[in-house]
There are 2 protein chains.
Amino acid sequence: MRLSELSEKSGVKTATIKYYLREGLLHPGRRITATQADYDERHVRRLRLVRALIQVGRLPVATAREVLSHIDDDSLGRTIRLGAALWSLPHGPDPDEEAPETATARAEVERLLDRIGWATSQEIGSLSPTYRALVSSVATLIRLGYPCDIDYLAEQAGLMHQVAVQDLDMMETHPTESEQVEMAVASAVLYEPLLMSLRRMAQEEESARRYGL
Amino acid sequence: MRLSELSEKSGVKTATIKYYLREGLLHPGRRITATQADYDERHVRRLRLVRALIQVGRLPVATAREVLSHIDDDSLGRTIRLGAALWSLPHGPDPDEEAPETATARAEVERLLDRIGWATSQEIGSLSPTYRALVSSVATLIRLGYPCDIDYLAEQAGLMHQVAVQDLDMMETHPTESEQVEMAVASAVLYEPLLMSLRRMAQEEESARRYGL
DNA sequence: CCTGTTGGAGAGTTTCACTATCCAATGATT
DNA sequence: AATCATTGGATAGTGAAACTCTCCAACAGG
C-alpha cells in the first residue's frame, strides 16, 4: 500500500501522514525503492489510534509520541509498562508548589487517601502524575472557593474504584500484554469522555427526576 | 477597585484582563470617569471562574463566553438554564453522520438507554449534545475496533448515576439558582478531571492489588 | 522516452490566546 | 499649577501548535 492509498483508507491527508511520519507517530513504511514505501493494515490501525489520541484525547503530538512509544516497548513488565503509558498522558497542569492552597490540597488528599485506604498512593503515589493531578485539581477547587468536601470525595472515590474494577476486568479479556496496554491507554483516552458523557446524562436524568423539566 | 488592583488580586495580568473585557468574558466595570472604571469582588470571582474554564477546562474563549452567558441569564427555569450551560460545554466532535459506525453506535446507545431506563434521554435526549457526544464516543470506539460491551456500559452508567446523585445533593446545598448553575458548570469543568484522576488512581490501586507492583 | 506520481524536506499558513505598544485623558504628587 | 505615572481603549504583534503547501529528484507506467 502506498502513501496515497493509506491516506484514502484512513481518511487522513497525505500531507498530514507525512507530518506524522516526520514526528515519529507512525512507523515508516517498508522501503521499496528510494522514493517509495509500502504500508499495511497495521499502519491504518496505528493511524486511527493516532487520530483518536490527538483529536478525541486532545493530546499534544509530542505526548502522543511518548504514549505510543510505551505501547510499542515490550521490554518492560506489564504493570510498569501500563503505568508508563498512563503516566505519559496529560493530567492537567502540575500543582503550583508556591501557591498556599497546594499545601492545603495535599493535606486534604492525604486525608482522603487515608480514609479510603488506598495503599499504593501513599507508597509510590506522591511521585505519580496522577497523584499530582489530583492535588492540582483539589488546589484549583480551593483556590476558586468551590467546596471540596472530603465525604463527597470519599464517596466518589469509592464509586471510581468500582469503575476501575470493571475496567480491569475488561482489560483481562485481552490476551496479549501489548493489547492490554493499548486497551489501558484507550480506556484512559477514549472511555473518559464516554464516562463523562454518561455522568452528564445521569445528571440531566436525575435533575429531571427531581425538579421536572 | 481599579484594573491594576483587580489584576493583583486575581493574579491575572492587566493585558489579559483587558482581553477578557474585550471578548465579553468579564462585565465592564462601573465607569467612574472617561478613563477609569471600578471593579468589585464579583469581578474577582468571575475572573477566577474564567481562568478555571479556560485553563483547567481548556474551553475556547468563545465557548467560555457562551457558558458564562447562560450562568448570567436568569430568565430561564433552573433545569433549562442548567442544561443550556452544560450543553455549551465541549463534548468532543459531533458524530460524523456519514460514517457507517455512527448508525451502529446510535443503535447501541439506544439499547443501552433502554436497558438502564433513562427516560429523559429518549424524549429530549436525541437533541442533546451530551447524547450526541455519547454516540460520537461509541462510534469512535467501534471505528477503532475497541470493545464496546453493553453490559460494561450499563454497569458504568449505573455507577455514573450514583455519582450524579452525589453531585446534585451537593448542588442542593447552594441557596440560589445562579450559584447552583455555576456549581453545575464547575462540577462539569473542575470535578471531571478530579474524578478521572480518582479513576486512574483506582486503576493503579486495583492493578497493584491484582498483579503486585 | 516521456509524463505523472511518489516520498522527503523545509517553509508557509492558520488559529488561538495572549501580550506589547500607543494614545489621549486622568489622577496623584509636588 | 506643573509634572509625571497610570488608566482604559484600540491596534498590531508574538509564540506555540498542528497542520499544509511547495519544491525536487527519483522513479513507474505507458
Side-chain angles (χ1 to χ4, degrees), chain A residues 1-40 43-44 46-68 88-90 92-93 189, chain B residues 1-40 43-44 46-68 90 92-93 189:
Chain A
M1 191 190 311
R2 280 174 294 175
L3 198 137
S4 55
E5 289 177 76
L6 180 59
S7 166
E8 267 177 58
K9 276 210 181 185
S10 61
V12 180
K13 292 189 185 177
T14 59
T16 307
I17 296 177
K18 286 181 180 182
Y19 169 63
Y20 290 156
L21 284 167
R22 235 177 300 152
E23 293 296 321
L25 301 182
L26 202 59
H27 297 131
R30 194 170 51 84
R31 288 289 290 272
I32 303 227
T33 75
T35 62
Q36 260 176 316
D38 182 58
Y39 305 95
D40 57 26
H43 289 92
V44 177
R46 176 60 159 255
L47 199 43
R48 284 177 177 165
L49 179 61
V50 168
R51 294 299 275 187
L53 289 176
I54 288 179
Q55 292 200 320
V56 182
R58 297 182 176 191
L59 304 210
V61 167
T63 309
R65 175 173 50 234
E66 197 176 341
V67 172
L68 291 168
S88 307
L89 292 175
V189 171
Chain B
M1 192 190 309
R2 280 173 295 172
L3 185 71
S4 56
E5 289 177 77
L6 180 59
S7 166
E8 268 179 56
K9 275 209 181 184
S10 61
V12 180
K13 293 190 187 176
T14 60
T16 308
I17 296 177
K18 286 180 179 183
Y19 169 64
Y20 290 156
L21 284 167
R22 233 178 303 148
E23 294 293 324
L25 300 183
L26 201 59
H27 297 132
R30 192 170 53 83
R31 287 292 287 276
I32 302 222
T33 74
T35 62
Q36 258 176 318
D38 182 57
Y39 305 95
D40 58 27
H43 289 92
V44 177
R46 176 61 158 256
L47 198 43
R48 283 177 178 163
L49 180 60
V50 168
R51 295 299 275 186
L53 290 176
I54 289 179
Q55 292 200 320
V56 182
R58 295 182 178 191
L59 304 211
V61 166
T63 309
R65 177 173 46 233
E66 198 177 341
V67 172
L68 291 168
V189 170

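None of these values were measured; they are calculated from a predicted model. Letters A, B, ... mirror the listed sequences (proteins, then strands); counts begin at 1.
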statement: Taking five pairs at each terminus, the helix from dC1(C)-dG30(D) to dT30(C)-dA1(D) shows an axis bend, to 10°, of 10°

Which is true for [X] with a 4.0 Å heavy-atom rule: it touches a base, it touches only sugar-phosphate, or it touches nothing?
{"X": "Arg31(A)", "value": "sugar-phosphate"}
{"X": "Ser4(A)", "value": "sugar-phosphate"}
{"X": "Ala37(A)", "value": "sugar-phosphate"}

message: Does the protein touch nucleotides 23-30 of chain D at the base, only the backbone, or not at all? Give it as B, S and - per nucleotide, heavy atoms under 4.0 Å.
response: ---SSS--

Can you check the [X] [atom1] to [N] [atom2] distance for me, whole Å?
{"X": "Leu6(B)", "N": "dT6(D)", "atom1": "CG", "atom2": "P", "value": "17 Å"}
{"X": "Glu8(B)", "N": "dT6(D)", "atom1": "CD", "atom2": "P", "value": "12 Å"}
{"X": "Arg58(B)", "N": "dA18(D)", "atom1": "CZ", "atom2": "P", "value": "10 Å"}
{"X": "Arg22(B)", "N": "dG8(D)", "atom1": "CZ", "atom2": "C1'", "value": "11 Å"}
{"X": "Lys13(B)", "N": "dG8(D)", "atom1": "NZ", "atom2": "C1'", "value": "19 Å"}
{"X": "Ile17(B)", "N": "dA10(D)", "atom1": "CD1", "atom2": "C1'", "value": "17 Å"}

- request: Using the side chain to side chain contact (heavy atoms under 4.5 Å, CB included) rule, take Leu68(A) and Leu53(A) through it: C-alpha gap first, then chi angles, then the decisive distance, then the call.
  value: CA-CA 10 Å; Leu68(A) 291 168; Leu53(A) 289 176; 3.9 Å; yes

message: Holding to side-chain contact (heavy atoms from CB on, under 4.5 Å), I want the full list of residues that pass it with Thr35(A), two or more places apart in sequence or in another chain.
response: Thr33(A)

Enter the distance from [X]:[atom1] to [Y]:[atom2] here, rounded to the nearest 0.5 Å.
{"X": "Met1(B)", "Y": "Asp38(B)", "atom1": "CE", "atom2": "CG", "answer": "7.5 Å"}
{"X": "Arg58(A)", "Y": "Thr63(A)", "atom1": "CZ", "atom2": "OG1", "answer": "14.5 Å"}
{"X": "His43(B)", "Y": "Arg30(B)", "atom1": "NE2", "atom2": "CZ", "answer": "10.5 Å"}
{"X": "Leu3(A)", "Y": "Tyr39(A)", "atom1": "CG", "atom2": "OH", "answer": "4.5 Å"}

Pick out the pairs of N or O atoms, protein on one side and nucleotides 15-17 of chain D on the other, that lie under 3.5 Å.
none

- request: Dump the intermediate steps for side chain to side chain contact (heavy atoms under 4.5 Å, CB included) on Leu59(B) and Glu66(B), then the final yes or no.
  value: CA-CA 10 Å; Leu59(B) 304 211; Glu66(B) 198 177 341; over 6 Å; no

Under 3.5 Å, which donor-acceptor pairs link side chains of residues 13-28 of chain A to any protein atom two or more places apart or in another chain?
residue, atom, partner, partner atom, Å
Tyr20(A), OH, Arg51(A), NH1, 2.9
Glu23(A), OE1, Arg65(A), NH1, 3.4
His27(A), NE2, Asp72(A), OD2, 3.2

message: Students should find this one: the first and last nucleotides of DNA chain C, 5' to 3', lying under 4.0 Å from a heavy atom of chain B. What are they?
response: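 Contact span on the strand: dA17(C) to dG27(C).
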
message: Which residues in residues 47-54 of chain A have a heavy atom closer than 4.0 Å to any atom of DNA chain C?
response: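 By residue number: none to list.
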
message: Show the nearest heavy-atom pair for residues Ala64(A) and Ile54(A), with the distance to one decimal.
response: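 Where Ala64(A) meets Ile54(A) most closely, the heavy atoms are CB-CG1, 4.3 Å.
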
